[in-house]
Amino acid sequence: MNWVNETVPQEFILLGFSDRPWLELPLFVVFLVSYILTIFGNMAIILVSRLDSRLHTPMYFFLTNLSLLDLCYTTSTVPQMLINICSTRKVISYGGCVAQLFIFLALGSTECLLLGVMSFDRFVAICQPLHYSVIMHQRLCLQLAAASWISGFSNSVLQSTWTLQMPLCGHKKVDHFFCEVPALLKLSCMDTTANEAELFFISVLFLLIPVILILISYAFIVQAVLRIQSAEGRRKAFGTCGSHLIVVTLFYGTAIYMYLQPPSPASKDRGKMVSLFYGIITPMLNPLIYTLRNKEVKGAFKRLIARVFLLKK
């Protein structure tokens with residue numbers, strides 16, 4: 001135990017793209033703009049979903065959870081990344097790295113499950129419209145959301161513990177922008193085959209299985225939509241489901257690439273960019289996708305803005 005403790009560094013050096021300093025300014029601008037848009041976009045979704053009574057439905061309850069996830073998800077990594085880009089010493093304390101690892105992994109795992117729950121909600125809404133309010137009652141919605149959060153944080157406890165138990169033997173240069181499981185496993189001076197197998201197995205549970213269930217749900221949804229006689233009804237159904245499907249493709253596609261592909265030295269820079277995509281770009285795009293393609297949300301925004309102007313008069 002003493003030997004393991006001696007190998008734990010006081011801080012980690014986050015390399016990022018430090019070997020390419022010309023990228024730092026463009027990356028700083030991209031990170032900062034993305035973070036600001038993420039904060040304002042997701043806060044707007046949460047506020048309008050809570051303040052507009054017409055959006056007090058299961059779909060917007062889950063969307064509020066997704067926006068809260070994305071807010072916390074990006075806040076766990078982006079501020080530290082912005083600080084490191086502006087600093088000559090690109091470091092993070094050991095405690096900060098542990099917190100970042102746990103929070104990022106917990107929220108990412110929760111989002112994997114929550115997107116699956118949201119597809120189930122759309123499946124019931126379109127395939128069982130007459131029984132929707134009976135099936136998707138408030139208690140079930142709360143249980144599904146709670147199960148997603150509890151499972152995500154439980155997974156993070158397990159994976160974080162396994163990762164942090166690996167001896168580092170003085171290695172402290174993390175070839176990444178933030179503390180993430182694949183990057184930290186590369187620091188270990190012991191064989192990580194068992195850890196990589198565990199990571200792969202859990203990634204299958206949290207990534208592949210939800211994706212398969214989502215695809216099955218959407219196969220039934222497409223069949224049900226094609227049976228709708230009204231062109232307006234078909235357009236509305238494809239509009240709400242299309243938004244969710246775009247989010248699912250962006251998030252799961254990049255996460256699966258990162259966690260389920262075999263480790264390869266040649267793909268390390270590509271892996272960094274992919275992790276930035278699901279860690280920063282996707283949370284920024286989610287509010288835009290749901291608002292630009294959704295008449296109900298756009299209408300709620302207009303009503304909220306009109307109410308604000310009326311209060312000022």
Side-chain angles (χ1 to χ4, degrees), residues 41 45 48-49 52-67 69-70 110-145 147-148 204-257 260 277-278 281-303:
I45 291 282
V48 78
S49 298
D52 195 306
S53 59
R54 299 184 195 183
L55 301 186
H56 291 177
T57 63
M59 175 181 171
Y60 295 104
F61 168 73
F62 293 127
L63 182 56
T64 301
N65 275 263
L66 180 64
S67 293
L69 270 174
D70 286 339
T110 303
E111 185 159 343
C112 289
L113 300 178
L114 187 64
L115 288 172
V117 169
M118 291 173 75
S119 72
F120 173 71
D121 171 68
R122 292 298 84 208
F123 164 75
V124 177
I126 293 172
C127 297
Q128 300 289 335
L130 300 178
H131 301 96
Y132 179 67
S133 58
V134 177
I135 297 172
M136 298 302 295
H137 52 81
Q138 186 179 24
R139 185 179 175 186
L140 178 63
C141 292
L142 290 171
Q143 289 172 339
L144 289 172
S148 299
V204 167
L205 291 179
F206 278 82
L207 290 170
L208 276 189
I209 292 178
V211 165
I212 291 169
L213 294 176
I214 288 169
L215 292 176
I216 292 171
S217 296
Y218 272 95
F220 285 107
I221 286 171
V222 169
Q223 288 180 345
V225 169
L226 293 176
R227 287 198 296 267
I228 297 175
Q229 299 298 321
S230 162
E232 176 66 20
R234 284 198 300 271
R235 190 180 61 78
K236 183 179 179 182
F238 276 126
T240 55
C241 292
S243 301
H244 180 252
L245 200 55
I246 291 170
V247 171
V248 163
T249 303
L250 291 173
F251 181 79
Y252 284 108
T254 51
I256 286 172
Y257 176 89
L260 292 181
F277 199 89
Y278 64 73
I281 304 301
T282 303
M284 176 197 69
L285 293 177
N286 286 353
L288 295 174
I289 292 167
Y290 277 107
T291 52
L292 293 177
R293 295 180 56 88
N294 193 310
K295 280 189 175 181
E296 290 178 338
V297 177
K298 285 191 282 189
F301 272 119
K302 289 176 183 177
R303 289 190 293 272

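Just so we're clear, the structure is a prediction, and the values are computed from it rather than from any experiment.
Here the straight-line distance linking atom CG of Leu226 with atom CD1 of Ile221 works out to 12.0 Å at 0.5 Å rounding. For the atom pair Asp70 CG and Asn286 CG, the distance stands at 4.5 Å (nearest 0.5 Å). Atoms SG and CG, on Cys112 and Leu207 in that order, are 4.5 Å from each other to the nearest 0.5 Å. Considering OG1 of Thr249 and CG of Leu245, their distance stands at 4.5 Å, rounded to 0.5 Å. Taking CZ from Arg227 and SG from Cys127, the interatomic distance works out to 7.5 Å, rounded to the nearest 0.5 Å. A distance of 14.0 Å separates CZ in Phe251 from CD1 in Ile281, rounded to the nearest 0.5 Å.
In this structure, Gln138 places its CD atom where only 12 or fewer heavy-atom neighbours from other residues, nucleotides or ligands lie under 6.0 Å away.
The two residues Ser217 and Phe123 come nearest to each other via the heavy atoms O-CD1, 4.0 Å. The two atoms that bring Gly116 and Ser119 nearest to each other are O-OG, 2.6 Å, heavy atoms only.
Residues Leu66 and Leu115 have side chains in contact (heavy-atom distance under 4.5 Å, counting atoms from C-beta outward). Using a 4.5 Å heavy-atom cutoff, the side chains of Leu250 and Thr254 are not in contact. The shortest distance between side-chain heavy atoms of Tyr60 and Leu63 falls below 4.5 Å.
For Val204, the side-chain contact (heavy atoms from CB on, under 4.5 Å) test picks out Phe200, Leu208, Leu260, with sequence neighbours left out. For Leu205, the side-chain contact (heavy atoms from CB on, under 4.5 Å) partners are Phe201, Ile209, not counting sequence neighbours. Under the side chain to side chain donor-acceptor pair (under 3.5 Å) criterion, Ser67 pairs with Asn42, sequence neighbours left out. Applying the side chain to side chain donor-acceptor pair (under 3.5 Å) test to Arg303 and every residue at least two apart in sequence or in another chain returns Asp52. Tyr252 is linked by a side chain to side chain donor-acceptor pair (under 3.5 Å) to nothing, counting only residues two or more places apart in sequence or in another chain.
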Exercise. Taking it one step at a time, do Phe220 and Ile126 satisfy side-chain contact (heavy atoms from CB on, under 4.5 Å)?
Worked result: CA-CA 9 Å; Phe220 285 107; Ile126 293 172; over 6 Å; no
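The backbone N or O of Phe277 sits less than 3.5 Å from a side-chain atom of Thr282, completing a donor-acceptor pair.
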Considering only distance and modelled atom types, tabulate donor-acceptor pairs under 3.5 Å from the side chains of residues 129-136, sequence neighbours left out.
residue: Tyr132; atom: OH; partner: Asp121; partner atom: OD1; Å: 2.5

